[in-house]
Asker: 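Okay, handing you the structure first.
Bear in mind that the values here come from a model prediction, so they are computed numbers and not experimental data.
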Protein chains: 2
Amino acid sequence: MNIPKISDAEWEVMKLIWKSSPLTSEEMVDSLSGKMNCSPSTIKTYINRLLKKGALGYEKDGRSYVYYAKVSEKDCILAESKNFIEKVYDGATAMFFANFIEEKALTDEEIQQLRELLKDKKPK
Amino acid sequence: MNIPKISDAEWEVMKLIWKSSPLTSEEMVDSLSGKMNCSPSTIKTYINRLLKKGALGYEKDGRSYVYYAKVSEKDCILAESKNFIEKVYDGATAMFFANFIEEKALTDEEIQQLRELLKDKKPK
DNA sequence: TTTCATTGATTACAGTTGTAAACTATATAA
DNA sequence: TTATATAGTTTACAACTGTAATCAATGAAA
């Protein structure tokens, strides 16, 4: 299925849903309006836009709705990553990693994790 | 200096400038309107917006202008990368690398390059 | 049953972006 | 000198975003 374009603010909503779905709008508002420092109305707007984009779905649960994700976190992350690397590096992924590592944007711990990851990666 | 927000389309202009600066608008139009599949006017709009944002500067060169970058590629890439990883991973950079590697979005060659990079990285 | 509160839906509005045409000033060819 | 091409400046416009208030429907309390 097609991954819709999810804006910065909408990503916050999606991340919450992926972690704790299903949720009511009230739960989402409680969880996000503080963190995002915006009004409850704003969160509701995001929810509605995500519904319209097909990123969220809902089911009736008594008086109100519970929302759930209709696109997987994995797919969204991959789409977003590719898009980003295409934009900034014309697709030269390794270039990105290189710069990031050089810039010390990674902690020693993260570097260690990465080494582990690559160790398991057998070249075909 | 502050890095202005550079849009997807504007990134194409900046990448060209970083690679071949200084350039006239004509050179930019020639180089990009085909690749980006848009009209010369559109490229000029991007140039103007980038001027307004302070990402580009210009100097008079006879009858017309030549443009050059006022923000460094390195800084822009780092800002954009941090922003992206913050949005998608709440800053958990290693998580990003992990997913990307798992998804086989890297070629074997790129993985090898990465290994090399990490080898040189001495833990403090 | 009438009213209030809750919550989803609609409307609002300015700023950004992708896209491009129209306008204007100026240098150069005729 | 006048006409034309070139290149920079303005204007245009719809879609998307961030942000939020208002409207409407419905269940619950009085």
Asker: Please list every donor-acceptor pair under 3.5 Å in which a side-chain atom of residues 32-42 of chain B meets a protein atom from a residue at least two apart or in another chain.
Answerer:
{"from": "B:Ser33", "atom 1": "OG", "to": "B:Val29", "atom 2": "O", "distance (Å)": "3.1"}
{"from": "B:Ser39", "atom 1": "OG", "to": "B:Ser41", "atom 2": "N", "distance (Å)": "3.2"}

Asker: Indicate, with a heavy-atom threshold strictly under 4.0 Å, whether B:Lys60 touches base, sugar-phosphate, or nothing.
Answerer: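 No contact.
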Asker: List the residues meeting salt bridge (charged side-chain N to carboxylate O under 4.0 Å, His left out) with B:Lys44, not counting sequence neighbours, and say none if there are none.
Answerer: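 B:Lys44 satisfies salt bridge (charged side-chain N to carboxylate O under 4.0 Å, His left out) with no other residue.
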Asker: Remember a base hit wins even if backbone is also touched, and classify B:Tyr67 as base, sugar-phosphate or nothing at under 4.0 Å, heavy atoms.
Answerer: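 Sugar-phosphate, no base atom in range.
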Asker: When you get a sec, tell me which of D:dA7, C:dG8, D:dT19 is the closest nucleotide to the side chain of A:Ser64?
Answerer: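 Selected nucleotide: C:dG8.
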Asker: What is the distance from CD1 of A:Ile47 to P of C:dA9, rounded to the nearest Å?
Answerer: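 It is 10 Å, rounded to the nearest whole Å.
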Asker: Could you give the distance from OG1 (B:Thr45) to CG (B:Leu50), rounded to the nearest 0.5 Å?
Answerer: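 B:Thr45 OG1 to B:Leu50 CG: 10.5 Å, rounded to 0.5 Å.
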Asker: If I take atom OH in residue A:Tyr46 and atom C1' in nucleotide D:dC16, what distance separates them, rounded to the nearest angstrom?
Answerer: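 In whole Å, D:dC16 C1' and A:Tyr46 OH are 12 Å from each other.
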Asker: So what does B:Tyr65 touch, heavy atoms closer than 4.0 Å: a base, only the sugar-phosphate, or nothing?
Answerer: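 Contact class for B:Tyr65: sugar-phosphate only.
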Asker: Rounded to the nearest 0.5 Å, what separation is found between the OH atom of B:Tyr65 and the CD atom of B:Glu59?
Answerer: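 One gets 12.0 Å once the value is rounded to the nearest 0.5 Å.
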Asker: Going by the rule salt bridge (charged side-chain N to carboxylate O under 4.0 Å, His left out), which residues pair with B:Asp30 if we only count those two or more places apart in sequence or in a different chain?
Answerer: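 In terms of salt bridge (charged side-chain N to carboxylate O under 4.0 Å, His left out), with neighbours along the sequence ignored, B:Asp30 is linked to no residue.
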Asker: Would you kindly give the CG-to-C1' distance between A:Leu50 and C:dG8, to the nearest whole Å?
Answerer: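 Those two atoms, CG and C1', are 15 Å apart.
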Asker: B:Gln113: which residues meet the side chain to side chain donor-acceptor pair (under 3.5 Å) condition with it, sequence neighbours left out?
Answerer: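 Here no residue qualifies.
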Asker: When rounded to the nearest 0.5 angstrom, what distance separates CD in B:Glu10 from CD1 in B:Ile47?
Answerer: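 Between atom CD of B:Glu10 and atom CD1 of B:Ile47 there are 11.0 Å.
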Asker: In Å, rounded to the nearest 0.5 Å, how long is the span from CD1 of A:Ile17 to CG of A:Leu23?
Answerer: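 If we round to the nearest 0.5 Å, A:Ile17:CD1 and A:Leu23:CG are 4.5 Å apart.
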Asker: Strictly by ring pair (Phe, Tyr, Trp, His ring centres under 6.0 Å), give each pair with a member in residues 32-55 of chain B just once, sequence neighbours left out.
Answerer: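 Pairs touching residues 32-55 of chain B that pass the test: none.
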Asker: Just to be sure I understand the geometry, which residues of residues 35-42 of chain B put a non-hydrogen atom under 4.0 Å away from DNA chain D?
Answerer: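 Those residues: none at all.
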Asker: Between atom CG in A:Leu32 and atom P in D:dT19, what is the gap in whole Å?
Answerer: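 The answer, rounded to whole Å, is 13 Å.
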Asker: What is the distance from CD of B:Glu59 to C1' of D:dG8, rounded to the nearest Å?
Answerer: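 Distance check: B:Glu59 CD to D:dG8 C1' gives 17 Å.
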Asker: Of all residues at least two apart in sequence or in a different chain, which pass the salt bridge (charged side-chain N to carboxylate O under 4.0 Å, His left out) check with A:Asp8?
Answerer: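 By the salt bridge (charged side-chain N to carboxylate O under 4.0 Å, His left out) rule, A:Asp8 matches B:Lys87.
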Asker: Identify, residue by residue, the members of residues 4-28 of chain A with a heavy atom below 4.0 Å from DNA chain D, and return them in order of residue number, or none.
Answerer: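 Result for residues 4-28 of chain A: A:Lys5, A:Ser7, A:Asp8, A:Ala9, sorted by number.
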Asker: Could you run down the sub-3.5 Å N/O contacts of the protein with nucleotides 11-13 of chain C?
Answerer:
none

Asker: To the nearest Å, give me how far apart NZ (B:Lys44) and P (C:dT24) are.
Answerer: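 The answer, rounded to whole Å, is 15 Å.
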Asker: For residues 18-29 of chain A, which residue pairs qualify under side-chain hydrogen bond (donor to acceptor under 3.5 Å, both in side chains), counting only residues two or more places apart or in two chains?
Answerer: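 Every pair satisfying side-chain hydrogen bond (donor to acceptor under 3.5 Å, both in side chains) with a residue in residues 18-29 of chain A: A:Thr24-A:Glu27.
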Asker: Please give, in whole Å, the distance from D:dG8 C1' to B:Ile43 CD1?
Answerer: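 Checked: the CD1 to C1' distance equals 15 Å.
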Asker: Give, for atom CG of A:Leu51 and atom NZ of A:Lys70, the distance between the pair rounded to the nearest 0.5 Å.
Answerer: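 Here the rounded value is 9.0 Å.
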Asker: In terms of the angle between their ring planes, are A:Phe84 and A:Tyr89 parallel, tilted or perpendicular, with boundaries placed at 30° and 60°?
Answerer: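 Judged by the thresholds at 30° and 60°, the geometry between A:Phe84 and A:Tyr89 is perpendicular.
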Asker: Mind checking what makes salt bridge (charged side-chain N to carboxylate O under 4.0 Å, His left out) contact with A:Lys74, not counting sequence neighbours?
Answerer: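 With sequence neighbours excluded, A:Lys74 shows a salt bridge (charged side-chain N to carboxylate O under 4.0 Å, His left out) to B:Glu103, given in chain and number order.
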Asker: What integer distance in Å separates B:Asn48:CG from C:dT16:P?
Answerer: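 Result: 15 Å.
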Asker: Tell me, which stems hold DNA chain D, with a stem being 3 or more Watson-Crick or G-U pairs in a row and both distances under 3.5 Å?
Answerer: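 The stems that DNA chain D takes part in, listed by first number, are C:1-30 with D:1-30.
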